[in-house]
Amino acid sequence: MTTLPGLDKKPSIYDVYKTTLGPKDLQKAKEQLHEDENTREPALAQMREYIAKHPQIIRCRTDCLFLLRFLRARKFNIQATYEMFDNWLVVCNKAREFFRLEPDIMSPLVEQAIVVPVGADPHGRLVVIIRFGLFDTQTITPEGQIRLTTLALEMFLETELYQVNGLVLVLDLQGTTMAHFGVWTFPKLKTVMSATNDILPIRLKEVHVVQLPKYATILMEFCVSALKPKLQKRLKFHKSLDDLKAAIDNSVLPSIYGGSLSLEEANDRFRKRIALERDRLLLMNEIQIDRTIPNPNAKSSNNNNNAGLQSDIADEAVIGSFRKLNVD
């Protein structure tokens, strides 16, 4: 039985890092993330001290795998890691309806194979399939959609292979209707776009969009414009399934898209892993902060506002998109 991480922000003993990475990925971490035996331990020590002294943090994990997800996402830039970590804490607290992990409640949606982590591609990146059109707009809210996606990502955020190599999303829009987009109000969309840009500790390497309905083109442009330029460059729109097949390795492409992988078997593995990791997933909901306590690390004196959710850049991008929609 796996021992669960603790939530004491100042534990008497910290766990010791033991790598699960092979030589190739350790070298990649050194070259791309500035991580090696000389940078890792000091960075972990700094993160632990930061958490211990953080006035708003009441309960928090301090184990290596949890902290490394943030350090690796910010390439061991410690100040950038502090900022991401603070934003993540605030958003997960402020927008619990989006990011709370609910493995039991999500079980019926998991069975439908709407969001499926299918495994590692030849580059060691986790490939996740999202079949957006399968969401029932009558019963599944945008918050529920994101909670399911968050559950799928959280399952693998502590897999070192994916912390180093990153994530590839395949967004299948077959079967989407105007109702699928209509339920996404401006505030809800802004929360998710901000999380994608600045908050979630993932290395999003590619997003492949396939089977996009013509009527949804402008709406998709609206979403894309709210992303940072770096993420915009990683978006790839495919006109056909053949284009997608040429871009994704056959071994991790489901047979419904022309690959060799069984989506049903991949989803069954996902379902079983959720059952095994259930206690750890629920533990993440117990991380606690008190936002009534002033945060001396905050950039703004108003600690009720979060930089990620209140990004002026994101606002301008979204407002610009609305103007374009009005003109068109």
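Start at 1 with the first residue, then count along the sequence. Heavy atoms only: backbone and side chains are in, while hydrogens, waters and symmetry mates are out.
- Looking at His180, its side chain does come within 3.5 Å of a backbone N or O of Gly133 through a donor-acceptor pair.
- For the pair Pro55 and Ile293, the tightest heavy-atom approach, listed with the atom from each and the gap, is O-CD1, 3.5 Å.
- More than 12 heavy atoms of other residues, nucleotides or ligands shown are found within 6.0 angstrom of NZ on Lys205.
- Side chain of Ser260 to backbone of Asn250: a donor-acceptor contact under 3.5 angstrom is found.
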Evaluate the criterion side chain to side chain contact (heavy atoms under 4.5 Å, CB included) for residue pair Arg278 and Asp104; output intermediate values, then yes/no.
-> CA-CA 8 Å; Arg278 178 180 179 276; Asp104 298 335; 2.8 Å; yes
Derivation of the side chain to side chain contact (heavy atoms under 4.5 Å, CB included) call for Glu83 and Asp86 | CA-CA 5 Å; Glu83 184 177 347; Asp86 269 6; 5.9 Å; no
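- Tested against Glu206, the residues Lys236, Arg125, Arg234 include a single salt bridge (Lys or Arg N to Asp or Glu O under 4.0 Å) partner, Arg125.
- Between atom CG of residue Asn295 and atom CD of residue Gln56 there is a gap of 4.0 Å, rounded to the nearest 0.5 Å.
- Listed here is the closest heavy atom pair of Val252 and Ala120: CG1-O, 3.2 Å.
- Arg59 is not listed as a side-chain neighbour of Ile287, based on a closest heavy-atom distance of 4.5 Å or more.
- Note: the hydrophobic cluster containing Met155 also contains Phe99 (ILVMFWY, side chain heavy atoms under 4.5 Å, direct or indirect links).
- Proximity of Arg131 to Leu263: side-chain heavy atoms (C-beta onward) are separated by under 4.5 Å at one or more points.
- Smallest separation of non-hydrogen atoms from Leu44 and Cys64: CD1-SG, 3.9 Å.
- Closest of all the heavy-atom pairs between Leu126 and Phe156 is CD2-CB, 3.7 Å.
- Judged by distance alone, with hydrogens and angles left aside, the side-chain atoms of His208 form no donor-acceptor pair with the main-chain N or O of Leu244 at under 3.5 Å.
- Shown here is Gln288, whose CD atom has more than 12 heavy atoms of other residues, nucleotides or ligands within 6.0 Å.
- Scanning both residues, Asn267 and Val115, for their nearest heavy atoms gives OD1-O, 4.3 Å.
- Linking ILVMFWY residues whenever their side-chain heavy atoms come closer than 4.5 Å, directly or via other members, leaves Leu167 and Val170 in distinct clusters.
- Under the 3.5 Å distance criterion, the side-chain polar atoms of Thr39 are matched with a main-chain donor or acceptor of His34.
- In this structure a side-chain-to-backbone donor-acceptor pair under 3.5 Å is present from Arg147 to Glu97.
- At least one side-chain heavy atom of Gln32 sits less than 4.5 Å from a side-chain heavy atom of Arg203.
- The closest side-chain heavy-atom distance from Arg291 to Asn93 is below 4.5 Å.
- Of the inter-residue distances, the one linking Asp243 atom CG with Ile248 atom CD1 reads 11.5 Å to the nearest 0.5 angstrom.
- Separating the CG atom in Asp172 from the CG atom in Leu212 is a distance of 10.5 Å, to the nearest 0.5 Å.
- Side-chain contact between Phe66 and Pro5 is absent, with no heavy atoms from C-beta onward closer than 4.5 Å.
- Linking Ile, Leu, Val, Met, Phe, Trp and Tyr residues whenever their side-chain heavy atoms come within less than 4.5 Å places Leu89 and Leu101 in a single cluster.
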Kindly indicate, with the supporting measurements, whether the criterion side chain to side chain contact (heavy atoms under 4.5 Å, CB included) is fulfilled by Val110 and Phe270.
-> CA-CA 8 Å; Val110 172; Phe270 175 40; 4.0 Å; yes
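- To the nearest 0.5 Å, atoms CE (Met47) and NE2 (His54) are separated by 9.5 Å.
- Side-chain atoms of Thr177 come within 3.5 Å of backbone atoms of Ala179 as a donor-acceptor pair (strictly under, hydrogens ignored).
- With Ser262 contributing its side chain and Glu265 its backbone, the two residues share a donor-acceptor pair below 3.5 Å.
- One finds the CD1 atom of Ile129 at 14.0 Å from the CD1 atom of Ile114 (value rounded to the nearest 0.5 Å).
- Here the OH-CG distance, from Tyr17 to Leu65, works out to 7.5 Å after rounding to the nearest 0.5 Å.
- Taken together through direct or relayed side-chain contacts under 4.5 Å among Ile, Leu, Val, Met, Phe, Trp and Tyr, Leu200 and Leu171 form part of one hydrophobic cluster.
- At least one side-chain heavy atom of Lys188 sits less than 4.5 Å from a side-chain heavy atom of Glu143.
- With a 4.5 Å cut-off on side-chain heavy atoms, Phe85 and Arg74 do not count as touching.
- Classification of Arg271 and Asp268 as a salt-bridged pair holds, one side-chain N sitting under 4.0 Å from a carboxylate O.
- Both Ile146 and Leu153 belong to a single network of hydrophobic side chains, linked directly or stepwise wherever heavy atoms of I, L, V, M, F, W or Y lie under 4.5 Å apart.
- Side-chain contact, Gln211 with Tyr257: no donor N or O sits under 3.5 Å from an acceptor N or O.
- Residues Asp249 and Ser251 have side chains that bring a donor and an acceptor to within less than 3.5 angstrom of each other.
- Side chains of Leu71 and Glu35 form no contact here, defined as non-hydrogen atoms less than 4.5 Å apart.
- For the residue pair Phe132 and Gln145, the shortest heavy atom distance occurs at CE1-OE1, 3.1 Å.
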What's the verdict on side chain to side chain contact (heavy atoms under 4.5 Å, CB included) for Lys28 and Asn165, showing C-alpha distance, side-chain angles and the deciding distance?
-> CA-CA 8 Å; Lys28 182 181 290 187; Asn165 293 303; 2.7 Å; yes
